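First up is the structure itself, then whatever we jot down about it.
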Amino acid sequence: MRGNPIKWLLLLLCLTAFYLTFTIAISATTSSPKKKTYIVHMDKTELPESLIDDHLQWYSILVNSVADDKLETTDEATEDETERIIYTYQTALHGFAARLSEDEAKKLEGKHGVVAVHPETVYQLHTTRSPEFLGLQPEDSTSVWSESLSDHDVVVGVLDTGIWPESQSFNDTGLTPVPAHWKGACETGRGFTKSNCNRKIVGARVFYRGYEAATGRINEQDEYKSPRDQDGHGTHTAATVAGVPVRGANLLGYASGTARGMAPGARVAAYKVCWAGGCFSSDILSAVDQAVADGVNVLSISLGGGISSYYRDSLSIAAFGAMESGVFVSCSAGNGGPDPVSLTNVSPWITTVGASTMDRDFPATVKLGTGKIHSGVSLYRGRMNLSTRKQYPLIYMGSNSSSPDPSSLCLEGTLDRHTVAGKIVICDRGISPRVQKGQVVKDAGGVGMILANTAASGEELVADCHLLPAVAVGEMAGKTIKSYALTNSKPTATLAFLGTKLGVRPSPVVAAFSSRGPNFLTLEILKPDVVAPGVNILAAWTGKAGPSSLPTDHRRVRFNILSGTSMSCPHVSGVAALLKARHPEWSPAAIKSALMTTAYVHDNTHSPLKDDSDDAPSTPFDYGAGHINPSRALDPGLVYDLGPQDYFEFLCTQMLTPPQLKAFSKSSNQSCRHVLANPGDLNYPAISAVFPEQPSISVLTLHRTVTNVGPPTSTYISRVSPFKGVSVTVEPKTLHFTSKHQKLSYKITFSAKSRQPLPEFGGLVWSDGVHRVRSPIVITWLAPI
């Protein structure tokens with residue numbers, strides 16, 4: 001994609017059409033044909049005075065006014081309107097979630113005080129060396145961790161699958177009493193009591209009404225209807241955010257060392273919003289609303305859904321309200337890479353996090369009968385290791401065709417025991433989970449598996465804790481191995497597992513699965529914002545699931561290794577907690593700015609960050625401002641600050657109708673003041689200049705304001721990279737600060753020299769000799785229609 005101008009032109013044409021029409025249909029979630037859950041956004045200012053203290057009664061009256069008397073079943077016909085209201089939202093957003101028929105929902109849209117009515121959305125989970133890799137050394141006197149743990153009273157709310165409280169990562173030894181500002185609660189249920197909360201886990205709540213409304217009652221024998229984490233994902237993300245140091249952590253001997261979260265002194269509040277059948281937006285919104293009321297300082301949300309506009313994205317609306325309350329919101333970008341325009345959670349008030357690799361690897365090899373050795377990765381550690389001196393028969397159920405088939409993908413029920421028993425089976429990656437393919441091979445009698453990447457994942461290598469000897473290899477090695485298996489009359493191979501290695505390849509590298517930009521809603525807002533470690537991350541695990549998460553996996557481990565932007569998001573959430581502890585007066589935008597302007601765009605060999613899918617240089621559409629650098633973010637020098645009104649002004653440029661804008665407005669005095677002439681003028685740390693399709697517009701000027709958070713007296717000099725298609729001028733070129741928190745503005749002008757078929761990338765750096773404040777620059781020319 002990167003090197004194909006025709007594909008880029010097609011992409012830009014699509015983006016141009018979307019930019020002009022701004023309409024995409026949203027798919028409804030699976031639910032009852034008669035009733036399903038809708039999110040109803042309300043204008044708080046329209047609340048009747050007689051009901052000033054009773055929002056629920058107001059909402060009940062509205063639901064009653066549109067009630068459909070033609071419902072078929074007795075239960076639906078006699079259901080009380082109050083019972084149909086699943087949640088009410090009063091802090092981060094205003095409104096309610098209710099079970100409605102499609103006709104009732106349409107009628108409700110026209111009622112006084114109703115801002116918008118949207119169907120329930122299903123979100124999906126975006127599934128320790130990272131602290132050291134990020135430069136967070138606790139032994140260093142200048143470290144972020146050099147302060148005592150008692151200095152950290154920041155609370156991080158983690159919206160996920162719950163928490164496993166017995167994990168050593170949540171030990172509260174040495175922590176001071178729960179912060180006075182905390183108003184949360186420890187909810188109880190099966191397997192979870194008040195005693196499971198402590199000075200580390202300060203809150204735990206469950207949200208399931210939306211899930212049950214769509215899928216039926218939770219079977220409490222099969223699933224914990226409590227904050228206890230059965231899945232493991234929530235425990236892993238919570239420990240990555242704020243797990244205390246645990247010596248001797250490892251997964252079956254892999255990645256041995258001390259595991260610790262990014263902010264080991266921060267407190268955790270677990271909000272369980274995800275269940276066996278998914279994560280439902282009404283539950284997620286209630287959790288955000290409650291978390292803000294409880295007093296969280298940071299929200300970590302490793303979830304995503306396919307939302308096509310700001311006002312239709314209820315999570316975006318709730319995150320806006322959280323930001324208004326001073327809460328930093330970090331969300332995963334999604335695992336849709338390396339395809340372009342695959343991002344989720346793109347609102348500018350959300351910090352959108354992509355995934356990158358670290359310098360730790362788990363190498364394994366495939367040795368063919370020819371003697372040739374191919375490198376791969378694996379986390380297999382079982383009783384029966386394949387002997388490196390014995391060759392086993394090798395089989396591939398596919399063909400020379402580039403398209404995988406059900407057998408080559410090793411899907412359930414596709415492998416014949418008589419054909420594969422006693423052999424190493426080559427399986428193409430895709431469709432089904434990687435570890436499930438190994439289970440299929442094992443069930444069919446195979447002795448091992450080689451998991452071969454296809455073009456979709458390229459050379460990306462993700463290690464898994466398989467149930468049988470298995471090695472994952474890249475696309476090129478996979479093609480060679482498959483060709484050997486198909487052309488040799490008696491192909492053989494053996495697998496070897498080499499443990500844990502450090503510094504085996506350049507890093508960081510942008511993970512192939514990490515979702516990519518550009519931001520399809522607003523090209524002027526670069527997304528993702530940053531990347532952080534998200535590949536092969538070791539963190540705490542549930543006691544109810546094996547490391548592969550397969551039902552047949554009866555192994556139990558205290559720590560597990562996972563990959564995904566779900567893992568990179570809590571890294572940023574934890575670092576944000578550290579910044580909030582050190583700078584409690586900083587706004588969410590200031591914290592984001594510090595993370596973005598101090599990020600780096602080169603790996604540990606001083607080469608530009610590469611893309612793991614094809615080993616080519618990556619771009620800001622892949623990594624945003626770059627890879628986070630926590631130590632530098634503590635003292636960024638300058639920040640690009642923003643407040644709620646600034647973001648609201650941005651929304652005013654997005655062709656939203658007054659009712660749609662009302663969903664974001666929490667007060668009657670919030671209105672469009674037309675401060676922004678261009679969405680690119682939002683005071684964002686990244687700069688994106690979008691030249692419209694009209695060739696007559698050849699000059700664009702964008703404006704920025706920086707706030708001095710460094711030494712009171714300082715002088716910053718600008719430097720901007722050259723571009724082929726434009727000349728760039730910055731005015732003024734020098735900024736002279738005379739006090740701390742002083743604000744100074746500048747403008748950056750782009751004068752087109754020649755329209756380019758592809759976007760151009762560069763950067764603007766302000767430096768005072770100590771601090772280096774970098775903003776990525778992206779220049780895009782929309783193709784004429």
Side-chain angles (χ1 to χ4, degrees), residues 128-156 158 163-179 196-202 229 232 234-270 297-298 300 358-360 500 502 532-534 536-543 547 557-562 567-582 628 630-631 633-634:
T128 314
R129 175 161 169 75
S130 51
E132 288 83 354
F133 182 71
L134 292 173
L136 299 175
Q137 298 287 354
E139 294 79 12
D140 183 354
S141 61
T142 62
S143 166
V144 179
W145 287 334
S146 62
E147 299 170 284
S148 65
L149 296 182
S150 62
D151 290 336
H152 297 269
D153 280 342
V154 175
V155 180
V156 182
V158 181
I163 197 163
W164 191 260
E166 290 81 8
S167 171
Q168 293 170 283
S169 294
F170 308 121
N171 188 303
D172 67 351
T173 301
L175 285 177
T176 56
V178 175
N196 289 129
C197 290
N198 56 19
R199 294 181 178 184
K200 166 59 76 171
I201 303 174
V202 297
D229 179 18
T235 298
H236 197 280
T237 55
T240 302
V241 169
V244 300
V246 180
R247 296 180 182 274
N250 67 88
L251 170 62
L252 304 177
Y254 286 100
S256 294
T258 299
R260 58 170 66 83
M262 298 298 99
R267 320 305 176 110
V268 172
N297 305 104
V298 174
S300 187
M358 296 189 294
D359 61 347
R360 180 179 65 193
T500 304
L502 301 179
N536 298 333
I537 305 300
L538 178 76
W541 191 242
T542 176
V557 295
R558 295 185 300 125
F559 292 85
N560 200 6
I561 293 175
L562 299 181
M567 283 63 252
S568 55
C569 171
H571 279 83
V572 169
S573 306
V575 174
L578 292 175
L579 296 180
K580 188 67 176 178
R582 183 69 66 87
I628 60 169
S631 297
L634 276 174

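These figures come from a predicted structure and were not determined experimentally.
Remark: side-chain polar atoms of Arg247 are not paired, donor with acceptor, to backbone N or O of Thr258 under 3.5 angstrom. With hydrogens and angles ignored, the 3.5 Å screen pairs a side-chain donor or acceptor of Asn297 with a backbone N or O of Val155. Without hydrogens or angle criteria, Asn250 side chain to Gly248 main chain gives a donor-acceptor distance under 3.5 Å.
Considering every non-hydrogen atom in both Pro570 and Thr237, the closest pair reads CB-O, 3.4 Å. Nearest heavy atom pair, residue Asn560 against residue Pro547, reads ND2-O, 2.9 Å. In this structure, Met567 and Thr240 approach most closely via the heavy-atom pair O-CG2, 4.1 Å. Of all non-hydrogen atoms in Tyr254 and Thr500, the two that sit nearest each other are CA-OG1, 3.6 Å. Of all the heavy atoms in Pro177 and Arg267, the pair that sits closest is O-NH2, 3.4 Å. For the residue pair Leu251 and Phe559, the shortest heavy atom distance occurs at CD1-O, 3.4 Å.
Rounded to the nearest 0.5 Å, atoms CG (Asn171) and CD (Glu166) are 12.0 Å apart. Note that the NZ atom of Lys580 and the OG atom of Ser573 stand 14.5 Å from one another [nearest 0.5 Å].
In this structure, the side chains of Val268 and Val156 stay at 4.5 Å or more apart for every pair of heavy atoms. Using a 4.5 Å cut-off on side-chain heavy atoms (C-beta onward), Ile163 and Ile201 make contact. Taking the side chain as every heavy atom from C-beta outward, Leu538 and Arg360 approach each other to under 4.5 Å. Here the side chains of Val575 and Ile628 are in contact, with some heavy-atom distance below 4.5 Å. A 4.5 Å side-chain heavy-atom check between Ile537 and Met358 finds at least one atom pair inside the cut-off. Residues Pro165 and Cys197 fail the side-chain proximity criterion, which asks for heavy atoms closer than 4.5 Å. Taking the side chain as every heavy atom from C-beta outward, Lys200 and Val244 approach each other to under 4.5 Å. Residues Ser568 and Pro533 form no side-chain contact, since every pair of their non-hydrogen atoms from C-beta on lies 4.5 Å or further apart.
Take Thr235 and apply the side-chain hydrogen bond (donor to acceptor under 3.5 Å, both in side chains) test, not counting sequence neighbours, and it matches Asp229.
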